[in-house]
Amino acid sequence: MFYIGVDLGTSAVKLLLMDGEGTIKKIVTKEYPLYFPHPGWSEQKPEDWITAVKAGILELTEGIDKSLVAGIGAGGQMHGLVVLDNEDRVLRPAILWNDGRTQEETDYLNNVIGREKLTEYTGNIAFAGFTAPKILWMRKHEPELFAKIAKIMLPKDYVNYCLTGVHCTDYSDASGMLLLDVKNKKWSQPMLDICGIRESQMPKLFESYETVGTLTEKAAAELGLPKTVKVAAGAGDNAAAAIGTGTVGNGACNISLGTSGTIFISSDTFQVDSGNSLHAFDHADGKYHLMGCMLSAASCNKWFMDDILKTTDYAGEQKGIKEESLGNNHVYYLPYLMGERAPHNDPSARSCFIGMTMDTSREDMTQAVLEGVAFGIRDSLEAAKALGIHIQTSMICGGGAKSPLWKKIFANVLDIELTTPETEQGPGYGGAILAAVACREYDSVEAACRKLVKVTAKTEPIPELAARYEKRYQTFRKLYPALKGIFPEL
């Protein structure tokens with residue numbers, strides 16, 4: 001049988017066709033527009049997503065026996081606000097995860113409602129990207145549209161609705177709305193009251209690997225697929241990517257070095273760190289996870305290479321960094337190009353180089369960028385350690401993980417073993433695995449991951465180098481507090 005994995009990203013949807021053994025048969029990408037109607041705003045039209053998904057599925061299944069397609073599962077961009085009226089028409093463009101209009105609402109939630117109450121209600125505090133602040137913004141600034149809301153959904157859930165006719169979401173994606181009681185896996189009535197919405201406006205909750213429905217007659221006809229094709233609830237992009245790298249089971253860890261950077265720690269139990277540095281979310285395997293998210297990770301290196309050094313030869317720039325300079329660089333870099341989420345939750349934070357002297361070289365600054373991102377992830381790891389979580393090994397994936405030097409820096413900054421997955425297709429692969437579980441190809445998500453996810457390489461920390469980086473990290477962690485008061489003036 002075949003399973004379709006959907007990765008509904010911010011700039012494009014990436015679809016893959018996987019067989020029951022985990023082999024990827026074909027990959028298709030379809031782009032769609034991103035709109036910036038005002039400075040700091042970021043929107044998309046949900047109709048563009050489903051148009052791209054349907055076109056992608058048609059291309060993906062061209063030339064195969066379509067009767068063998070058993071299931072579809074999606075991983076999608078999180079936090080986006082999709083609102084439908086009582087006839088299931090989209091009321092306005094979706095407000096996306098990277099939209100910056102809700103700082104006033106975020107401050108209201110954190111400072112007036114209070115972080116302690118938010119943590120009690122949901123397990124998390126408010127971030128500008130979350131869904132609840134967007135609802136408050138819409139209630140204040142678009143009251144006529146707000147009054148027409150019949151259903152509130154997330155991006156991938158709108159796609160699932162168009163395929164099945166079911167208003168649905170999964171626990172992992174819903175965790176990022178600030179509307180879910182994450183620990184008890186139910187909508188938080190106090191948060192719904194704060195936002196002025198009713199539970200009847202919320203979608204039905206599913207585990208990520210559960211079937212929400214099968215294709216409607218219309219969808220099946222448009223796609224040329226059987227009406228029996230099952231659609232899994234799917235997951236938020238980070239949880240889906242974690243499934244794709246086998247990050248399931250207590251203490252399993254994955255580090256993703258994409259445009260943003262995440263450290264994702266799977267857990268059998270629900271935990272919240274004292275400073276709310278980490279997101280405490282439900283996981284796509286039916287349990288829980290902690291996640292620290294940096295807004296700028298590999299994008300820091302891309303910015304420095306493309307815009308500052310004016311080069312696309314990333315590997316060539318790294319070749320000049322000598323072995324003996326690792327752990328000995330006198331230059332530090334703060335990786336806050338777009339503000340920062342974990343652990344600082346500070347949209348005013350900014351990037352900077354510090355420690356430069358007359359003998360500072362191009363290589364020193366390149367190295368500092370790579371190290372600064374690793375130190376930023378270490379900040380989130382420290383928050384996990386404070387909960388008694390001890391990580392000894394982690395998967396590492398994303399574009400930045402293609403650099404052997406960067407992986408070496410990460411292994412020694414974090415002082416853990418890093419492994420690389422054989423197949424790295426992010427949320428789409430995780431979505432396909434969830435679809436296979438929904439179709440009973442595998443008994444559980446964990447069983448599917450054990451069978452399908454394989455490791456190809458390992459990077460071990462070197463005790464002497466890890467010790468040098470430990471000293472440098474202790475200096476790095478003093479820099480943000482020292483500069484915090486200056487950032488708003490910039």
Side-chain angles (χ1 to χ4, degrees), residues 10 35-46 76-86 90-155 157-158 167 169 173-182 186-203 205 236 276 279-281 293 295 338-342 344-348:
T10 310
Y35 300 97
F36 306 100
H38 296 284
W41 292 22
S42 179
E43 299 182 347
Q44 279 178 329
K45 295 179 180 178
Q77 50 167 297
M78 297 179 69
H79 314 307
L81 176 62
V82 180
V83 286
L84 309 181
D85 67 11
N86 57 12
V90 175
L91 281 168
R92 70 170 329 282
I95 306 175
L96 301 189
W97 64 275
N98 57 349
D99 186 281
R101 76 185 73 181
T102 62
Q103 194 58 54
E104 181 180 323
E105 290 74 19
T106 303
D107 290 342
Y108 165 76
L109 288 169
N110 283 330
N111 302 327
V112 178
I113 301 300
R115 294 178 177 224
E116 288 186 8
K117 285 293 184 184
L118 296 181
T119 303
E120 176 189 339
Y121 299 153
T122 72
N124 296 276
I125 60 173
F127 290 83
F130 281 9
T131 316
K134 297 178 173 72
I135 294 171
L136 290 174
W137 181 92
M138 192 174 172
R139 185 173 71 172
K140 179 179 179 180
H141 296 278
E142 298 177 343
E144 291 183 4
L145 286 180
F146 181 84
K148 294 179 181 179
I149 295 175
K151 273 290 181 287
I152 293 168
M153 307 184 78
L154 293 162
D157 303 324
Y158 177 75
H167 300 107
T169 192
D173 212 357
S175 296
M177 298 179 81
L178 203 69
L179 297 171
L180 186 75
D181 177 346
V182 174
K186 63 180 183 179
W187 295 117
S188 167
Q189 190 59 52
M191 286 306 302
L192 298 182
D193 292 342
I194 287 167
C195 291
I197 54 179
R198 306 178 304 278
E199 188 167 344
S200 61
Q201 293 172 285
M202 304 306 294
L205 290 158
N276 293 105
H279 301 325
F281 287 175
C293 179
L295 295 180
M338 298 178 63
E340 189 54 294
R341 188 177 286 186
H344 306 307
N345 191 18
D346 183 357
S348 297

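Computed from heavy atoms alone, side chains included, the values below leave out hydrogens, waters and symmetry copies. Please read these numbers as outputs of a predicted model, since none were measured by experiment.
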* Asked: Between OG1 of T119 and CD1 of I125, what distance do you get to the nearest 0.5 Å?
  -> 7.0 Å

* To do: List the atom of S42, the atom of D99, and the distance in Å for their closest heavy-atom pair.
  => N-OD2, 2.6 Å

* To do: Verify, without hydrogens or angle tests, whether D181 (side chain) and K186 (backbone) share a donor-acceptor contact under 3.5 angstrom.
  => no

* **For H79 against D173, the heavy-atom pair lying closest together** => N-OD1, 4.4 Å

* Rounded to the nearest 0.5 Å, what separation is found between the OG1 atom of T106 and the NZ atom of K134? -> 8.0 Å

* Could you pull out the closest heavy-atom pair between P93 and P46, with the gap in Å? => CA-CD, 4.4 Å

* Heavy-atom side-chain contact between L118 and M191 under 4.5 Å -> yes

* Asked: Do L136 and L109 come within less than 4.5 Å of each other through their side chains, counting heavy atoms only?
  -> yes

* Asked: Does CE belonging to M202 count more than 12 external heavy atoms closer than 6.0 Å?
  -> yes

* **Main-chain N/O of A280 paired to N124 side chain as donor or acceptor, under 3.5 Å** => yes

* Asked: Between the main-chain N or O of I95 and the side-chain N or O of W41, is there a donor-acceptor pair closer than 3.5 Å?
  -> no

* Evaluation steps, side-chain contact (heavy atoms from CB on, under 4.5 Å), between N345 and R115 -> CA-CA 12 Å; N345 191 18; R115 294 178 177 224; 4.0 Å; yes

* Write down the atom of L192, the atom of R198, and the distance for their closest heavy-atom approach. => CD1-C, 4.2 Å

* To do: Give the minimum heavy-atom separation between L205 and A174, together with the two atoms involved.
  => CD2-CB, 3.9 Å

* Are the side chain of Q44 and the backbone of L96 linked by a donor-acceptor contact shorter than 3.5 Å? -> no

* Heavy atoms, side chains only, cut-off 4.5 Å: are E105 and R139 in contact? -> no

* Give a yes or no answer on whether the side chain of K45 reaches the backbone of R92 with a donor-acceptor pair at less than 3.5 Å. => no

* Asked: Roughly how far, to the nearest 0.5 Å, is the NZ atom of K151 from the CG atom of N86?
  -> 10.5 Å

* To do: Answer yes or no: is there an ion pair linking K140 with E104, defined by an N-O contact shorter than 4.0 Å?
  => yes

* Asked: Should the pair F130 and H279 be assigned to parallel (<30°), tilted (30 to 60°) or perpendicular (>60°) ring geometry?
  -> tilted

* Asked: Between V90 and L84, does a side-chain contact (heavy atoms from CB on, under 4.5 Å) hold up when you go through it step by step?
  -> CA-CA 5 Å; V90 175; L84 309 181; 3.8 Å; yes

* Could you give the distance from CH2 (W187) to CD (E199), rounded to the nearest 0.5 Å? -> 8.5 Å

* Asked: So, the side chain of T102 versus the backbone of A128: is there a donor-acceptor pair under 3.5 Å, distance only?
  -> yes

* For the pair Y121 and Q189, evaluate side-chain contact (heavy atoms from CB on, under 4.5 Å) and give the outcome as yes or no after the intermediate values. => CA-CA 8 Å; Y121 299 153; Q189 190 59 52; over 6 Å; no

* Gap between atom CD1 of I194 and atom CD1 of I113 - 0.5 Å precision -> 4.0 Å

* Asked: Closest heavy-atom contact between R341 and C293?
  -> CB-O, 3.3 Å

* Apply the test side-chain contact (heavy atoms from CB on, under 4.5 Å) to residues L91 and E142: give CA-CA distance (whole Å), side-chain angles for both, the deciding distance (0.1 Å), then the verdict. => CA-CA 11 Å; L91 281 168; E142 298 177 343; over 6 Å; no

* With the side chain counted from C-beta on, respond yes when L178 and T131 share a heavy-atom pair under 4.5 Å apart, and no when they do not. => no

* Asked: Distance from S188 atom OG to L179 atom CG, nearest 0.5 Å?
  -> 8.0 Å

* To do: Find out whether F146 and I135 are in side-chain contact, i.e. whether some heavy atom of one side chain is under 4.5 Å from a heavy atom of the other.
  => yes

* Asked: Under 3.5 Å, is there a donor-acceptor pair between the N98 and T10 side chains?
  -> no

* Using 4.0 Å as the upper bound for N to carboxylate O, is an ion pair formed by R101 and E43? -> yes

